[in-house]
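The structure presented is a predicted model; accordingly, all values stated were derived computationally and were not measured. Naming convention: chains lettered A, B, ... in sequence-line order (proteins, then strands); numbering from 1 in each chain.
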Protein chains: 2
Amino acid sequence: MIEAGLKPSVTRKSGVALWRQIADQMRQAIGSGALGADGRLPPEFTLSQRFGVNRHTLRSAIAALVQEGVLRAEQGRGTFVESRKRLSYPISARTRFSTGLRDQTRDRRSVLLADAVEPAGERVAEALGLAAGSNVIRLETLSEADGRPVSRATSWFDAKRFAGFARHYAKTGSITASFQKFGIDDYFRHSTLVSARHADAADLTDLKLSPGAIVLVAIAVNVDPKGKPIQFAETRFAADRVELTVSTEA
Amino acid sequence: MIEAGLKPSVTRKSGVALWRQIADQMRQAIGSGALGADGRLPPEFTLSQRFGVNRHTLRSAIAALVQEGVLRAEQGRGTFVESRKRLSYPISARTRFSTGLRDQTRDRRSVLLADAVEPAGERVAEALGLAAGSNVIRLETLSEADGRPVSRATSWFDAKRFAGFARHYAKTGSITASFQKFGIDDYFRHSTLVSARHADAADLTDLKLSPGAIVLVAIAVNVDPKGKPIQFAETRFAADRVELTVSTEA
DNA sequence: TATATTTGTCTATTGTTCTATACAACTAAA
DNA sequence: TTTAGTTGTATAGAACAATAGACAAATATA
């Protein structure tokens with residue numbers, strides 16, 4: 001919410017533990033400044049009464065947020081806000097990872113986790129405009145900003161046209177730079193499908209998230225200046241660290 | 001995932017009950033056609049092994065989805081898919097609620113839950129280009145498709161320019177139609193900020209979600225043909241029923 | 001230094017979730 | 001009619017979540 005002042009409420013017997021519901025609400029309230037605006041949280045007992053639960057239950061919620069790096073607890077002093085601001089990731093015709101975040105972070109880095117050549121699945125083949133079963137290159141990559149994982153992507157490329165793409169990417173850590181090796185000086189974001197879901201086990205480890213965390217999923221097609229698809233990608237963003245900006249200027 | 005023939009994975013000790021995690025994943029998989037594409041689910045025992053849990057745990061997940069109306073179980077026969085579709089909500093310069101979903105649903109409806117005139121908060125004032133503290137109209141609306149809640153929006157309008165907007169909206173259930181009453185025959189989506197979070201208590205009830213559910217949050221500014229902001233809105237979409245499509249054609 | 005405030009740890013009890021096993025009830029097909 | 005396959009029900013124990021009360025340890029302040 002925008003105006004939101006903390007309106008704490010939890011649901012019992014819902015399949016979601018109270019401490020997790022509370023942790024989720026607190027993370028949100030902290031992000032919007034409704035809680036701990038002065039950098040310090042109210043005492044545990046006060047908060048536990050506000051949420052209508054036992055102090056221990058509230059402590060579990062705090063423990064989870066400490067684990068995430070959102071809070072820091074100091075015995076005898078209190079509990080303090082550690083959190084950092086959410087990054088804003090722009091989606092437009094000229095979407096690129098590094099340039100979009102240029103003004104928001106000091107240090108950006110992309111790492112190649114794995115790569116493979118494999119026959120294209122139905123959906124990949126269709127998106128890239130290839131015959132079903134054609135060979136494609138699959139890249140598993142992780143992007144970090146200021147030392148924190150931001151996104152985890154799986155990309156596919158035509159194996160014939162872009163043979164050796166993984167090698168270039170491993171060296172440069174940049175999709176844009178790798179495309180240039182193949183004579184593509186410019187490319188465009190054709191379409192993006194945005195959804196959200198709970199992070200799966202693999203994303204939890206790669207993005208260093210805690211269970212129950214949310215990922216924003218962007219499924220995108222990039223095309224060369226002639227309009228031919230050159231990259232199909234599914235990117236998972238840690239929803240508590242990133243938001244997507246869509247500019248639709250005419 | 002994309003190729004996904006369902007990559008089931010559950011996290012233990014996460015504060016989210018296994019049956020709820022499984023229900024969430026199954027709802028998603030059903031929506032994307034990765035599960036029950038033929039209208040029928042694999043037997044409970046098979047599914048329970050796929051998720052690595054006891055059959056009873058899986059049955060709890062199915063029970064939740066039956067309760068939601070996603071599945072229907074028949075003793076001796078099997079479990080069947082009742083409603084499959086996930087709506088795709090387009091975001092572009094000409095984003096409108098009803099037209100975007102025209103081909104995907106039979107029945108669309110928007111309801112005015114509440115309205116008020118109030119001084120603009122900092123963020124609202126800035127977005128609408130008004131002086132801080134100017135009066136604005138706030139609309140709380142709920143949109144449904146085929147009888148199921150799809151999105152829950154909070155919108156703000158300049159109270160001076162759009163006096164009586166709520167009355168028009170209550171009658172027509174359409175933002176577009178209401179704008180026409182004020183001589184605005186066309187308008188454009190200027191920018192959209194997309195994020196995701198756990199649904200808060202209010203959204204849970206309005207969108208009929210279960211605790212721990214995810215909402216896609218779109219914060220948008222609409223402008224008139226002259227480029228002047230006329231509407232600032234925060235819309236929460238049920239992430240298991242909706243995905244957003246961003247087309248960025250040049 | 002004393003006192004109040006705050007976070008950290010411990011033990012115990014109760015309710016919910018998950019597992020395990022067995023069997024009943026219903027359906028479809030041999 | 002028999003058999004195999006499926007969903008539905010029952011019971012019991014193990015693991016986890018939540019409550020409760022008491023006290024220790026650290027910090028800030030009078």
**Request:** Strictly below 4.0 Å, heavy-atom distances to any atom of DNA chain D: list the hits from residues 71-79 of chain B, or just say none.
**Result:** B:A73, B:E74, B:Q75, B:G76, B:G78, B:T79
**Request:** Would you please say whether a donor-acceptor pair under 3.5 Å links the side chains of A:T245 and A:S88?
**Result:** yes
[X] versus [Y], closest heavy-atom pair with distance:
X: B:V16; Y: B:Q21; value: O-NE2, 2.9 Å
X: A:L71; Y: A:V81; value: CD2-CA, 4.0 Å
X: A:S48; Y: A:L58; value: N-CD1, 3.6 Å

Heavy-atom count check: over 12 atoms from other residues, nucleotides or ligands less than 6.0 Å from [X] [atom1]?
X: A:Q67; atom1: CD; value: no
X: B:F80; atom1: CZ; value: yes
X: A:E126; atom1: CD; value: no

If only side-chain N and O atoms of [X] are considered, is one of them under 4.0 Å from the OP1 or OP2 phosphate oxygen of [N]?
X: B:T57; N: C:dT17; result: no
X: A:N54; N: D:dA18; result: no
X: A:S60; N: D:dA18; result: no

Using atom [atom1] of [X] as one end and atom [atom2] of [N] as the other, report the distance to the nearest whole Å.
X: B:L58; N: D:dT6; atom1: CG; atom2: P; result: 14 Å
X: B:F80; N: C:dT27; atom1: CZ; atom2: P; result: 11 Å
X: B:Q49; N: C:dA20; atom1: CD; atom2: C1'; result: 14 Å
X: A:W19; N: C:dT16; atom1: CH2; atom2: P; result: 19 Å
X: B:F45; N: C:dT21; atom1: CZ; atom2: P; result: 11 Å
X: A:E44; N: D:dA26; atom1: CD; atom2: P; result: 16 Å

**Within-4.5 Å side-chain heavy-atom neighbours: A:T79 and A:R59** = no
**Message:** Nearest heavy atom decides the nucleotide; on that basis, is B:P43 or A:A17 closer to the 5' end of DNA chain D?
**Reply:** B:P43
**Prompt:** How far does the helix from C:dT1-D:dA30 to C:dA30-D:dT1 bend, going by the axes of its first and last five pairs, to the nearest 10°?
**Reply:** 20°
Please list each protein N or O that sits under 3.5 Å from an N or O in nucleotides 9-12 of chain C, with the distance.
from, atom 1, to, atom 2, distance (Å)
C:dC10, N4, A:H56, NE2, 3.4

**Request:** Test A:D240 against every option in A:L209, A:V215, A:L207 by the side-chain contact (heavy atoms from CB on, under 4.5 Å) rule and name the one that passes.
**Result:** A:L209
**Prompt:** Quick check: does any side chain N or O of A:R236 sit under 3.5 Å from a backbone N or O of A:E234, one acting as donor and the other as acceptor?
**Reply:** yes
**Message:** Donor-acceptor pair, distance only, cut-off 3.5 Å: does the side chain of A:R197 make one with the backbone of B:Q25?
**Reply:** no
